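Nothing here was measured: the structure is a model prediction, and the numbers come from that model.
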Amino acid sequence: MSHKAETINEIDQAVKFNEPIGPSHSFFTDFSGLRGEFEDRIVYKNLNVEKENGIFSFNPAINGSNKSILFLGGMRGSGKTSELAKYAEKLNSPQCFFCVTCNIDQELDLNELEYMDILILQLEQLTKRLSEYDLTINEGIKERLETWFAKRETEIKRDLKVEAELEAGIEISTKNPLFSLLNIFGKFKTGVVGSNERANIVRQNLKNNFNSFATIFNEFIEEVNVSLRDNHIAQEILFIVDGLEKTLSANTRKKIIIEEQNRIDKIKAYTIFTLPIELMSQRPNLSQFSSVEAFPFVKLIERNDTEDAIAFEKFKEFVYKRIDRSLFENEVIVHKAIRYSGGSPRELLKILETTAFYVEDEQQQIDDVALDKALNRLANQTAQYITEPMLEKMKKIIENNRAGKDTPFDEVLQTMLENIYVMEYNSGSYKRINPILERSNLYQQYVQG
């Protein structure tokens, strides 16, 4: 993990945005209460979690059969991964959940991905976490799982016309009481990230047998929940499935969430999924079997253009945890960089990274010249693929904001949200043009002019 930058040359490593930052990391900044209408308690309420005197608890006696699924949707760079890491840490306790985080962008093939791959990953990651404890799982469910997957392996080998077993999964000690299950889940995960032919046959076999798969999956979850309670480890399993928006195709994301929703509904386990921004328009559809909540950017600027001083101070904390104050010529520069981020942690990190690049070799501090060069470069890069309908949409958003009106959704706006040309706040009702884009020549000529 990166450490705080004490020199200009160290900034590049300190502002990398592809490293997940959880509450235990020195860089972590908690933006709770600064995302407009979104509050942490919305998540806790959806998961049937109670909070009393700072302690989170889950009561399986009255909530065990609910098995809530929560989709947390938001724009790229809004900080969803860090937010989920916060929940995983806060809710993981004997009184509450056994949190199992599944980062699909780190564990699976993002080129070829299906919902079955995610389910196998959930089983593997759960069993890995369980193996850290001296936990006894019901032998009957273990045997049923072993038998069920052995049948699938036999059918897959027949379809592949090979005699060999599926490739071995992960290296595991045979002394581990969950060795057999870890080996099985590791094999099947390897199967879906292998060659296209093998992956497709493995997936198709699991889908063909999905009803029995869902039944045995749910039985396993229930038996594990019983063991977790008996051993005072947790009350219930909570899966956190992150990274879906990093898949390389919007069609892949749609196929996993929208076309597979009947299968998702059959899995009875508390689960939080991150939802890519382009699928937020499917909220009415997804709400038939789940909860869908918008996770917006931090609101820096109100509709009347006044600044939220608390939000700016929190972002300054975010910056100074990564970069020593002495590396900035003055705090006005930091304030300006924050304003241009639009309330997106990732956009701010990008601005700081580019600014450090423009600091002259002999200089020891970031000055306004370097920041302006960075902002101009980022602005014109961002504006490069703006179309005329998008320019018209920007004018409409500005007009609506001045009139205190919301801007209706359409396909043009959808594309602009996906590309962060427009940024969402509150529950998604309040939209503003990306401040970086407002600085571009194109914007100045066609919208501002």
Who passes side-chain hydrogen bond (donor to acceptor under 3.5 Å, both in side chains) against [X], sequence neighbours left out?
{"X": "Lys321", "answer": "Glu317"}
{"X": "Asn434", "answer": "none"}
{"X": "Gln125", "answer": "none"}

Residues [X], [Y]: salt bridge by 4.0 Å N-O rule:
{"X": "Asp305", "Y": "Arg432", "answer": "yes"}
{"X": "Glu114", "Y": "Lys207", "answer": "yes"}
{"X": "Glu259", "Y": "Lys254", "answer": "no"}
{"X": "Arg439", "Y": "Asp372", "answer": "yes"}
{"X": "Glu83", "Y": "Lys80", "answer": "no"}
{"X": "Asp40", "Y": "Lys86", "answer": "yes"}
{"X": "Glu331", "Y": "Arg325", "answer": "yes"}
{"X": "Asp406", "Y": "Lys431", "answer": "no"}
{"X": "Lys67", "Y": "Glu222", "answer": "yes"}

Closest non-hydrogen atom pair between [X] and [Y], with its separation:
{"X": "Lys90", "Y": "Phe56", "value": "O-CD1, 3.7 Å"}
{"X": "Gly186", "Y": "Glu124", "value": "CA-OE2, 3.9 Å"}
{"X": "Phe28", "Y": "Gly22", "value": "CB-O, 3.1 Å"}
{"X": "Ile21", "Y": "Ser82", "value": "O-OG, 3.0 Å"}

Quiz question: by atom type and distance under 3.5 Å, do the side chains of [X] and [Y] form a donor-acceptor pair?
{"X": "Tyr270", "Y": "Asn48", "value": "yes"}
{"X": "Arg129", "Y": "Asn92", "value": "yes"}
{"X": "Thr81", "Y": "Asp242", "value": "yes"}
{"X": "Asn46", "Y": "Ser291", "value": "yes"}

So, taking the atom named [atom1] in [X] and the one named [atom2] in [Y], what distance separates them when rounded to the nearest 0.5 Å?
{"X": "Arg402", "Y": "Ile397", "atom1": "CZ", "atom2": "CD1", "answer": "12.5 Å"}
{"X": "Glu392", "Y": "Tyr446", "atom1": "CD", "atom2": "OH", "answer": "11.0 Å"}
{"X": "Lys396", "Y": "Asn400", "atom1": "NZ", "atom2": "CG", "answer": "5.0 Å"}
{"X": "Ile398", "Y": "Lys393", "atom1": "CD1", "atom2": "NZ", "answer": "12.5 Å"}
{"X": "Glu245", "Y": "Leu275", "atom1": "CD", "atom2": "CG", "answer": "9.5 Å"}
{"X": "Thr382", "Y": "Lys350", "atom1": "OG1", "atom2": "NZ", "answer": "6.5 Å"}

Is it true that atom [atom1] of [X] has more than 12 heavy atoms of other residues, nucleotides or ligands lying nearer than 6.0 Å?
{"X": "Arg377", "atom1": "CZ", "value": "no"}
{"X": "Lys45", "atom1": "NZ", "value": "no"}
{"X": "Phe357", "atom1": "CZ", "value": "no"}

Using atom types as modelled and distance alone, determine if a side-chain donor or acceptor of [X] lies under 3.5 Å from a backbone N or O of [Y].
{"X": "Gln288", "Y": "Asn285", "result": "no"}
{"X": "Asn218", "Y": "Ile221", "result": "no"}
{"X": "Asp30", "Y": "Ser32", "result": "yes"}
{"X": "Gln122", "Y": "Cys102", "result": "no"}
{"X": "Thr127", "Y": "Leu181", "result": "no"}
{"X": "Arg322", "Y": "Phe27", "result": "yes"}

TODO: Quick one: list whatever passes side-chain contact (heavy atoms from CB on, under 4.5 Å) with Val193, sequence neighbours left out.
DONE: Leu108, Asp109

TODO: Go through the structure and list residues passing side-chain contact (heavy atoms from CB on, under 4.5 Å) with Asn304, not counting sequence neighbours.
DONE: Glu302, Thr306

Specify whether [X] and [Y] have parallel, tilted or perpendicular ring planes, treating 30° as the upper limit for parallel and 60° as the lower limit for perpendicular.
{"X": "Phe295", "Y": "Phe38", "answer": "perpendicular"}
{"X": "His335", "Y": "Phe312", "answer": "parallel"}
{"X": "Phe273", "Y": "Phe71", "answer": "parallel"}
{"X": "Phe315", "Y": "Phe318", "answer": "perpendicular"}

- [ ] Please report the C-alpha distance between Lys4 and Glu6 in whole Å, then the side-chain angles of each, then the deciding distance to 0.1 Å, and finally whether the side-chain contact (heavy atoms from CB on, under 4.5 Å) criterion is met.
- [x] CA-CA 6 Å; Lys4 186 175 182 177; Glu6 304 288 346; 4.1 Å; yes

- [ ] List the steps and the verdict of side-chain contact (heavy atoms from CB on, under 4.5 Å) for Lys299 and Asp308.
- [x] CA-CA 7 Å; Lys299 187 166 63 172; Asp308 185 322; 5.7 Å; no

Task: Pair Lys336-Asp368, salt bridge (charged side-chain N to carboxylate O under 4.0 Å, His left out): steps then yes or no - done: CA-CA 9 Å; Lys336 183 175 175 179; Asp368 205 45; 3.3 Å; yes

TODO: Can you run down the side chain to side chain donor-acceptor pair (under 3.5 Å) pairs that involve residues 354-365, sequence neighbours left out, and say none if there aren't any?
DONE: Gln363-Asp367

- [ ] Would you please indicate yes or no on a ring centroid separation below 6.0 angstrom for Tyr87 and Tyr44?
- [x] yes

Task: Derivation and outcome, salt bridge (charged side-chain N to carboxylate O under 4.0 Å, His left out), residues Glu418 and Arg76 - done: CA-CA 8 Å; Glu418 289 175 36; Arg76 291 175 180 84; 5.6 Å; no

Open item on the list: Please identify which of these residues, Leu378, Asp12, Leu348, meets the side-chain contact (heavy atoms from CB on, under 4.5 Å) condition with Glu353.
Closed with: Asp12

Task: Chi angles and distances behind the side-chain contact (heavy atoms from CB on, under 4.5 Å) call for Ile256, Ile118 - done: CA-CA 9 Å; Ile256 290 170; Ile118 296 172; 3.9 Å; yes

